[in-house]
2 protein chains.
Amino acid sequence: MARPRTPLLSPDRIRDAALTLIDAQGLAALSMRRLADTLGVQPSSLYSHYATKDEVLDAVANRVVREVDTSGFARGWRDGLLIWARSYHSVLVAHPNCAPVIASGTQRREQFLEMANSVHGGLVGAGWPARRATEISGAVKYLVIGAASTPFGSGFADDVQVYLDRYPHLSQAHRLRHEANRIDHDSFELGLTSLIRGLEPGPGQTE
Amino acid sequence: MARPRTPLLSPDRIRDAALTLIDAQGLAALSMRRLADTLGVQPSSLYSHYATKDEVLDAVANRVVREVDTSGFARGWRDGLLIWARSYHSVLVAHPNCAPVIASGTQRREQFLEMANSVHGGLVGAGWPARRATEISGAVKYLVIGAASTPFGSGFADDVQVYLDRYPHLSQAHRLRHEANRIDHDSFELGLTSLIRGLEPGPGQTE
DNA sequence: CTTGCGAACCGAATGCTGTTCGGTTAATAT
DNA sequence: ATATTAACCGAACAGCATTCGGTTCGCAAG
């Protein structure tokens, strides 16, 4: 085959296929060869649309982060932070295999800058000094990224009994392996609400 | 060469060389070939000591996490959490290229279980219910891992001027690129102290 | 004291990986 | 009609983790 009459590929099609592959098979399963396979195409053809694999991953990251809701700051900075953080968190929970891509991503990606800009603006608009706004949004981001990067759910060995005598304090936590998702969610919620509650004293002017 | 009179390799030597290589050149620079090179050995020889590259990375992760201080709970749970989190954070700051390894690591690794066990024990000993202790340590862990995984310092494009008009709220934050380390540190500190301050109501019995 | 065995290393090979390059055809712009 | 560019293929390259058979050494048992 040479050039087809109607294009087989497009940046969006490739990006979506990559996301589907990552969601279904994991980040390690994404290779240009496999990606090309699912699109019915040779690997080298992908390079007509993306210069490198990293660019594909950037597109995937942008696609995922695009879903994050930063509109809550109209209802005050506390609600704004809560809505943003929960939205960000739930988006990453929906695409857990993308977490490393999002986490390690450079701040160069457009959707990330868009999001950071909205959050920062929301905080400054509510009266926080710029520097403090940066720190607050940074701290909340850390919480979101951390929650997505090291879930309880992934990881514990299947034979729980092994630990019980060696790590006595963990026995309670381990019993709950099947409740890992709930633990993850509750830990994140506790961290988020506590962090926001603990911010002092709050911006003076607008509330 | 066949078998040398005195062994050239040992698990510890390999693990330390891997950590040195990661620290100096980045995680992507660690390959079994390069690792073997720095040790003056053929790649296949490494497999006499570690079954896979992942096992090498596990050893590195354990080595790094071993340095984390969990002894602070003798001075109460607040100090315990603070000391643990700051110690964990500073260890990861000292080995930033290891962050993805630590973050994505399964909870199977010994030093991680040791650490989790100590923290959980410290919280329960101070009166927190087991479930709450799990959530608290989880939330703090999220903060630490997130801070290590997405530092401000890495990532912004070098030509800052590009952003200024497109993302007006970010201009303040961007001006501080050269202060990225300070921002990272302050954000983490703000998140940590706020989170701990915001924990309510605190365990009843022991304080 | 020698015999046997496992440990430690080498060297070559296997099947992946991302990426490049020259070639071919189709669409588009002039 | 002609030139250019875009989209694809097929073959190749270097580097990757890992495996395997072979060699030599240290050590322990008889």
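Each chain gets a letter, A, B and so on, in the order the sequences are listed, and its residues count up from 1. What you see below is based on every heavy atom in this structure, not just the backbone, and it leaves out hydrogens, waters and symmetry mates.
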### Message
Using a 4.0 Å cut-off on heavy atoms, which residues in residues 46-53 of chain B reach DNA chain D? List them by number, or say none.
### Response
B:Tyr47, B:Thr52, B:Lys53
#### Entry: Contacting residues from residues 10-33 of chain B, given that a heavy atom lies under 4.0 angstrom of DNA chain D
B:Leu30, B:Ser31, B:Met32, B:Arg33
#### Entry: side chain to side chain contact (heavy atoms under 4.5 Å, CB included) against B:Ser71, all qualifying residues, sequence neighbours excluded
B:Asp69
### Non-neighbouring partners of B:Ala99 that pass side chain to side chain contact (heavy atoms under 4.5 Å, CB included), sequence neighbours left out
B:Ala148
Donor-acceptor contacts, no H, no angles, side chain residues 20-28 of chain A, under 3.5 Å, sequence neighbours left out:
from    : atom 1 : to      : atom 2 : distance (Å)
A:Thr20 : OG1    : A:Asp16 : O      : 2.9
A:Asp23 : OD1    : A:His95 : ND1    : 3.1
A:Asp23 : OD2    : A:His95 : ND1    : 2.8

Please tabulate, one pair per line, all N/O donor-acceptor pairs under 3.5 Å involving side-chain atoms of residues 42-57 of chain B, not counting sequence neighbours.
from    : atom 1 : to      : atom 2 : distance (Å)
B:Ser45 : OG     : B:Gln42 : O      : 3.3
B:Tyr50 : OH     : B:Pro11 : O      : 2.8
B:Thr52 : OG1    : B:Asp54 : N      : 3.4
B:Thr52 : OG1    : B:Glu55 : N      : 3.2
B:Lys53 : NZ     : B:Leu30 : O      : 2.8
B:Glu55 : OE1    : B:Ala51 : N      : 3.3

#### Entry: Pairs satisfying salt bridge (Lys or Arg N to Asp or Glu O under 4.0 Å), at least one member in residues 38-52 of chain B, at least two apart
none
### Query
What pairs of residues pass the salt bridge (Lys or Arg N to Asp or Glu O under 4.0 Å) test when at least one of them lies in residues 86-96 of chain A, not counting sequence neighbours?
A:Arg86-A:Glu189
### Query
How long is the line joining CG of B:Asp37 and P of C:dC10, in whole Å?
11 Å
Any protein N or O atoms within reach of nucleotides 1-6 of chain C? Criterion: under 3.5 Å, listing atom names and distances.
from  : atom 1 : to     : atom 2 : distance (Å)
C:dG6 : N2     : B:Arg3 : NH1    : 2.5

### Query
How would you list, by chain and number, every residue that makes a side-chain hydrogen bond (donor to acceptor under 3.5 Å, both in side chains) with A:Ser90, sequence neighbours excluded?
none
### Message
Going by the rule salt bridge (charged side-chain N to carboxylate O under 4.0 Å, His left out), which residues pair with B:Arg66 if we only count those two or more places apart in sequence or in a different chain?
### Response
none
#### Entry: Watson-Crick and G-U pairing of DNA chain D, under 3.5 Å, as dot-bracket with | and [ ]
||||||||||||||||||||||||||||||
